[in-house]
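Sequence positions, counted from 1, serve as the residue numbers for this chain.
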Amino acid sequence: MNTTLDFGLGENADMIRDTTARFAREKIEPLAARIDADDWFPRDELWTAMGELGLHGITVEEEWGGLGLGYLEHVVACEEVSRASASIGLSYGAHSNLCVNQIRRWANPEQKAKYLPKLVSGEHVGSLAMSESGAGSDVVSMKLRADRTDAGYVLNGTKFWITNAAYADTLVVYAKTGEGSRGITTFLIEKDMPGFSIGQKIDKMGMRGSPTAELVFNDCEVPDANVMGPVNGGVGVLMSGLDYERTVLAGIQLGIMQACLDVVLPYIRDRKQFGQPIGHFQLMQAKVADMYVALNSARAYVYTVARNCDAGLTTRFDAAGAILLASENAVKVSLEAIQALGGAGYTKDWPVERYARDAKLLDIGAGTNEIRRMLIGRELIGAN
């Protein structure tokens, strides 16, 4: 029986789903348990192969090596990658959307020619650095300084919670060049720039294998050629990308929920108690019904917002709403998956405990659910 609702996403999205799902099933899923257990980022095994499929450049124009498709296709790809490994889905989203898509949108032609081809091919890994240990939701309070020199800028300070940091070749970094919200500028940082280094590596509860670390800038000299977008216009660059970031990363949670159903449905058909499969009990049927509805209601919202992104019609509160619904539903679904498996679900012999640990991140990352609710409420009410 087909348990997948047809959302009518179109030929391109269906093609991306089929191609990505096949690759994820054959190449990512066999590595998923090791990725989590060893906190291992399999760059050599996956990154260029994903580039060969076009996954890193879904939203990038063909002239820069991309597929020239939209955010809907990007969400679908992120969903299928995350269905096999949410850790790889997170690193993929940080690379292909937070870094690559921002360069696509804001870089000048010379910067695009220099950075996009290797990022799109997977030869290079990308990252974005916004947060600091004391500046998360209040990003304008960042302390990383970029002071003007005759040849460009000198950066001093740190960034924290940075996905892909230790492996990144190219990083989109926000730093203070003035005061307040009109004193932030975006820089393109290369891993070998003198004065730039990787600091503390962060050991996380979930999303293990998606490397997270601190960035350290100690008199790091950055030329004018590496300023991306307008000087002191970094908040505009940053905020303009958040809607797309939230929409694409919501695909991770869709993938986690589908992975939960992939495990739970066969299990409750086979597992017997009191002389019959536990799936025959009404309480268990209600549980999987709730899981299925949670997944597809989130899909409907996320896919619609992605379509609106492609049409230039998205709203900030709906991008926040889509990831809010997807993140909270994924946590609930993953916990129900553990419950459905009972004692087995609480062991590392089954992947559902990993799904729960992974799902929790996006209640917090890309803006906490508290911030999302505040944003939605404020926008709807029209408050400043």
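The existence of a salt bridge linking K287 and D290 is excluded, since no basic side-chain nitrogen approaches an acidic carboxylate oxygen closer than 4.0 Å. Between K332 and E336 there is no salt bridge, since no side-chain N of the basic residue sits under 4.0 Å from a carboxylate O of the acidic one.
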Checklist entry - Does the pair S197 and N218 meet the rule for a side chain to side chain donor-acceptor pair (under 3.5 Å), with working shown? => result CA-CA 8 Å; S197 62; N218 185 13; over 6 Å; no
Item to check | Pair E79-R17, salt bridge (Lys or Arg N to Asp or Glu O under 4.0 Å): steps then yes or no | outcome: CA-CA 9 Å; E79 177 182 351; R17 187 184 299 280; 3.5 Å; yes
Checklist entry - Hey, mind stepping through E110 and K114 against salt bridge (Lys or Arg N to Asp or Glu O under 4.0 Å) and telling me if it holds? => result CA-CA 6 Å; E110 292 77 16; K114 181 177 182 179; over 6 Å; no
Checklist entry - Would R34 and E45 count as a salt bridge (Lys or Arg N to Asp or Glu O under 4.0 Å) if you check the C-alpha gap in whole Å, the side-chain angles of each, and the deciding distance to 0.1 Å? => result CA-CA 13 Å; R34 179 186 166 195; E45 289 77 5; 5.5 Å; no
Next on the checklist: salt bridge (Lys or Arg N to Asp or Glu O under 4.0 Å), that's the test. Do R373 and E328 meet it? Break it down for me.
Outcome noted: CA-CA 12 Å; R373 284 189 164 89; E328 294 196 339; 2.9 Å; yes
Checklist entry - Would Y92 and H74 count as a ring pair (Phe, Tyr, Trp, His ring centres under 6.0 Å) if you check the C-alpha gap in whole Å, the side-chain angles of each, and the deciding distance to 0.1 Å? => result CA-CA 10 Å; Y92 167 66; H74 204 172; 5.8 Å; yes
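Within the structure, side-chain hydrogen bond (donor to acceptor under 3.5 Å, both in side chains) pairs that include any residue of residues 201-211 comprise S91-S210, D203-R208, K204-T212 (at least two apart or interchain).
Judged by distance alone, the side chains of S87 and D36 never bring a donor and an acceptor atom under 3.5 Å apart. Remark: the Y71 side chain and the N308 side chain contain no N/O donor-acceptor pair separated by less than 3.5 Å. A donor atom on one side chain and an acceptor atom on the other are not found under 3.5 Å apart for D169 and Y115.
Contact between C309 and T247 at its shortest, heavy atoms only, is SG-OG1, 3.8 Å. The two residues R145 and T177 have their closest heavy-atom pair at NH2-C, 4.3 Å. Closest heavy-atom contact between L341 and V263: CD2-CG1, 4.0 Å. Listed here is the closest heavy atom pair of K159 and M130: NZ-O, 3.0 Å. Across all non-hydrogen atoms, the minimal contact from A77 to T20 is O-CG2, 3.6 Å.
Here I202 is tied into one hydrophobic group with F160, W161, each link being a pair of ILVMFWY side chains closer than 4.5 Å. Membership of the apolar cluster around I189 extends to L144, Y153, L155, I162, L171, V173, F187, M193, F196, I198, L215, F217, V222, V227, V231, as traced through chained side-chain contacts below 4.5 Å between ILVMFWY residues.
When atom types are taken as modelled, the side chain of E123 and the backbone of K118 share no donor-acceptor pair closer than 3.5 angstrom. Panel note: side chain Q253, backbone A359; a donor-acceptor pair is recorded below 3.5 Å.
Cation-pi geometry between R104 and W64 is not met: the NZ or CZ atom fails to fall both under 6.0 Å from the ring centre and inside 45° of the normal.
In the displayed structure, Q339 atom CD is contacted under 6.0 Å by at most 12 heavy atoms of other residues, nucleotides or ligands. Residue F281 qualifies as enclosed at atom CZ: its count of foreign heavy atoms under 6.0 Å is above 12.
Applying the salt bridge (Lys or Arg N to Asp or Glu O under 4.0 Å) test to K112 and every residue at least two apart in sequence or in another chain returns nothing. Considering only residues two or more places apart in sequence or on other chains, D243 meets the salt bridge (Lys or Arg N to Asp or Glu O under 4.0 Å) condition with R316. Applying the salt bridge (Lys or Arg N to Asp or Glu O under 4.0 Å) rule to D224 yields the partners R148; only residues at least two apart in sequence or on another chain are considered.
Checked against the 6.0 Å centroid criterion, the rings of H95 and W47 qualify as a close aromatic pair.
No option in R372, R378, E370 other than R378 meets the side-chain contact (heavy atoms from CB on, under 4.5 Å) test with M374.
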